[in-house]
Amino acid sequence: MDTPTTPKRIHQLPTVLANQIAAGEVIERPASVVKELLENSLDAAANEIKIDIQKAGHLLIDITDNGCGIYVDDLPMTLQQHATSKISTVTDLSNINTLGFRGEAISSIASVAKLELSSRIAGQEHGWLIKGEDLTPQPVAIMPGTRIQVRDLFANIPARRKFLRTDNTEFFHIREIIRSLALSRPDISFHLRHNGANILQCTKSDTRERVRTILGKSFLDNAFELEYERNNLRLWGWFGSPAISRSQVDQQFFYLNRRIIRDKQVNHAIRMNTQDHFYTGKHPVYVLFLEMDNTAVDINVHPAKHEVRFRNARDVHDFILSSLKQLYDNFNAMSNPNTPTTTNIPLTNTSTQQHLPPQHNNQPTQTTLQAVDNIKHIYSQAKPTHTNLINQQQPSKRYATANNQFLLIEERYLIVQINSETLLADIVLCNQIIAYSGLKQELETSAIRRRPLLVPLTVNVTTEQTELCATKADAFKRLGLTLEQISNNSVLVREIPILLEYADISRLIKDLLTMLQSSASDTTIIRMMSKHTNDAGIGKITPETIGQIIESAQNADANYVAESKNKVWKKIDGATLKSLLKMR
Ligand code: ADP
Ligand code: MG
């Protein structure tokens, strides 16, 4: 990033320019103050930043950097709205290479807290301080750089305080901001203290070392390192394997030109690749850096600057999609030595037109009444043309929902069109069919595949059952469970079936004990096991994974589908649909 080493002068932006900037409230919680101040330190080319927090930032946020500093004459100006040293003209807006540019943060913070600002430029004998209402700079002893102390945040705004969460939560957000900035700038040392205790210490290093400090060695051990380049786009970083996937999207760091962003196109391109490799409801961990020319992106879109607008969104989407696809192909090729490796094959331009995300946000879960409204909308749009078919290659297995809107009712039922029939699909059963088919195949080949639990689980059982666990240890293993007896009435579960990741394992083991006691057949056992698929996972179904589930369920097991067709796919006739539409 192009950063100044001596300060530029601060000026107030002309109204015309100020009005063109995506304005908005930037300070909503202590973490937003920390983010704005840290971004200022980064823009000032600091390479050492100390952050001292008291009481989750309510009492004090104290940030000291060794950056370029601020001219004493400009100190009062920082408190004015739209006062910035980073842009001057409208054309600057199209080539922003600093994190800040709106000149709003310091003035906004000063309006909701007590602020002290001290700064010293290299070569000056001492620094200068402004505080409170008095804007006359006073001499102060300080090392070259800038220190900002923010006290009693929102103290005079009870309405704002009401929205703040517990200290733990607010501090968690502060820490997350620092972690995400620290990941993007390994060349800067960050030192975070909270209530006097050292919380995070990152010394200057390379990116790999910084990733290790922030995400841990286990992440690096379980991540694929990648680097792809095409035209003027470069994507590099680390992508966590499914083994370290998470049930939340809390460890996904995506940077555009070292600025953390959240972007629908980017997320979509990543999801298109991961949905085949990660279980429903499981999310990858990644640290990815996308680099491109600054003029190819507009960051003046969102007040908090984490949304951007790519000038050529489709290229970016395609590039990420094909890069990650190649990553997986290479990985699969390496895990299967019989397949030729594609490591050196250049990226091809994958057309992803049909995969681009819908313009509006889909809500995966809806109440039935809302759903009826949507049915009306969807049905009226879907019926005449059927143009929104996904999976064009297999006409015999077509399914469609209008405008790619998937409509999920009560987190379980889905209205779909398969060939020309309108059907109500039971997603819970679909998931069970998929699991059933997978378990059956694995058992027929050898044994059900297992994965170790990070923290082994203790299950309480009767003394009699403990003995059965011991005598049937091999049978359990064949069914994907590794058990160890730890007392007369408890067993330790070390491994579970990969396909039953969300199962309630205690219940599963108890059901299995009952079946093994009565010498049930393999088919009966795996049918029971597949019913555990949805113990916890069903709520995690997203609009993006629904299509995949329906598709897999249809392919999963012809016999099972035929047997339970009535339950899984319920045909909706015209009259039922009409009465649904009239329900309100
Ligand atoms: P912006 O960052 O959008 O320009 P701010 O309100 O955050 O607006 O800051 C106003 C100006 O104050 C900046 O443009 C910069 O010149 C100066 N400034 C703020 N913080 C620092 C810092 N830590 N070091 C040097 N200059 C700073
Ligand atoms: Mg700023």
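Remember, it's 1-based here, ligands and their atoms both numbered in the order they're listed. Heavy atoms only: backbone and side chains are in, while hydrogens, waters and symmetry mates are out.
- Those atoms of ligand 1 with a heavy atom of T84 less than 4.0 angstrom away are 1 (P), 4 (O), 14 (O).
- A donor-acceptor contact closer than 3.5 angstrom links the side chains of T136 and D134.
- In E104, the part holding a heavy atom less than 4.0 Å from any atom of ligand 1 is the backbone.
- Between the side chains of D250 and H283, no donor N or O sits under 3.5 Å from an acceptor N or O.
- If you look at F224 and F239, their ring centroids are not closer than 6.0 Å.
- With atom 15 (C) of ligand 1 as the reference point, the heavy atom nearest to it among P7, A46, S85 is part of S85.
- Within the 3.5 Å criterion, the main-chain N or O of S180 finds a donor-acceptor partner in the side chain of Y255.
- Put simply, CZ on F171 and CD1 on I199 are 4.5 Å apart, with the number rounded to the nearest 0.5 Å.
- Residue contacts with ligand 1, taken as heavy atom pairs separated by less than 4.0 Å, involve A44 solely via side-chain atoms from C-beta onward.
- Residue contacts with ligand 1, taken as heavy atom pairs separated by less than 4.0 Å, involve I70 solely via side-chain atoms from C-beta onward.
- At a 3.5 angstrom cut-off on N or O pairs, L37 does not count as close to ligand 1.
- With 3.5 Å as the limit, one finds no donor-acceptor pair spanning the side chains of N47 and D187.
- Not a single N or O atom of C68, backbone or side chain, sits closer than 3.5 Å to an N or O atom of ligand 1.
- Distances below 4.0 Å separate heavy atoms of G103 from the following atoms of ligand 1: 1 (P), 3 (O), 4 (O), 6 (O), 8 (O).
- Checked against a 3.5 angstrom limit, the closest N/O atoms of K8 and ligand 1 fall outside it.
- Contact annotation for D65 and ligand 1: only side-chain heavy atoms (C-beta onward) come within less than 4.0 Å of the ligand.
- The part of T78 lying near ligand 1 is the side chain, judged by heavy-atom distances below 4.0 Å.
- A heavy-atom distance below 4.5 Å is not found between the side chains of F253 and V211.
- In this structure, R258 forms a cation-pi arrangement with F289, its terminal cationic atom sitting closer than 6.0 Å to the ring centre and no more than 45° off the ring axis.
- Ligand 1 lies less than 4.0 angstrom from a heavy atom belonging to K86.
- At a threshold of 2.8 Å, the Mg ion (ligand 2) has a backbone or side-chain N, O or S atom of N40 nearer than that distance.
- Neither side chain, N66 nor K50, offers a donor N or O lying under 3.5 Å from an acceptor on the other.
- Proximity of A83 to ligand 1, defined as any heavy-atom pair under 4.0 Å, is confined to the backbone N, CA, C and O atoms.
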